[in-house]
Amino acid sequence: MNDYMVFARTEYSEPIEHQGRIQAADDEEARNVAVEQFGGEWLELVLIPERDVRWVMRKEELEAPA
């Protein structure tokens, strides 16, 4: 399985914003899963495979209290 970050916007004047993450076997399946989970009413719906992300800086996620 591959992890993908999902970004979208409804108008060109808006920034593309992170909507969530999905997992899929390949890019084609990822397209289908993204539309299924996030809907098709977007002007743009973008998938970025996490394997292709090169973080320059990233704050660690906070752990949930026990």
Side-chain angles (χ1 to χ4, degrees):
M1 287 299 242
N2 297 303
D3 295 316
Y4 295 83
M5 299 168 66
V6 181
F7 294 83
R9 65 175 158 189
T10 55
E11 295 186 24
Y12 285 119
S13 61
E14 297 176 350
I16 293 177
E17 295 184 344
H18 184 252
Q19 302 300 315
R21 295 172 187 249
I22 61 170
Q23 288 188 327
D26 56 35
D27 293 348
E28 186 63 35
E29 181 183 343
R31 288 182 188 101
N32 295 331
V33 171
V35 171
E36 182 180 303
Q37 287 189 13
F38 295 96
E41 286 78 43
W42 302 100
L43 176 65
E44 294 181 325
L45 185 61
V46 179
L47 294 173
I48 301 174
E50 286 200 21
R51 67 182 176 269
D52 293 337
V53 173
R54 302 298 179 258
W55 294 100
V56 175
M57 289 177 37
R58 183 178 186 187
K59 292 184 180 182
E60 295 295 321
E61 293 184 29
L62 298 176
E63 290 184 29

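For clarity, every value in this text was computed on a predicted model and none was experimentally measured.
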Worksheet item: Has the side chain of Glu17 got a donor or acceptor atom that lies under 3.5 Å from a matching backbone atom of Pro15?
Response: no
So the salt bridge (Lys or Arg N to Asp or Glu O under 4.0 Å) pairs with at least one residue in residues 35-44 (sequence neighbours excluded) are Arg9-Glu44
Residue set satisfying side-chain hydrogen bond (donor to acceptor under 3.5 Å, both in side chains) with Asp3, at least two apart, ordered chain then number -> Gln23
Residues passing the salt bridge (Lys or Arg N to Asp or Glu O under 4.0 Å) test with Glu50, sequence neighbours excluded, are Arg21
The side chain to side chain contact (heavy atoms under 4.5 Å, CB included) partners of Glu11 (sequence neighbours excluded) come to Ser13, Glu14
Apart from Val35 itself, members of its ILVMFWY cluster (side-chain separation under 4.5 Å) are Tyr4, Val6, Ile22, Val33, Phe38, Trp42, Leu45, Leu47
Hits for side-chain hydrogen bond (donor to acceptor under 3.5 Å, both in side chains) against Glu28, two or more places apart or cross-chain, chain-then-number order -> Arg31
Residues passing the side chain to side chain contact (heavy atoms under 4.5 Å, CB included) test with Asp52, sequence neighbours excluded, are Pro49
The remaining residues in the hydrophobic cluster of Ile16, counting side-chain heavy-atom contacts under 4.5 Å among Ile, Leu, Val, Met, Phe, Trp and Tyr, are Met5, Phe7, Val46, Ile48, Val53, Trp55
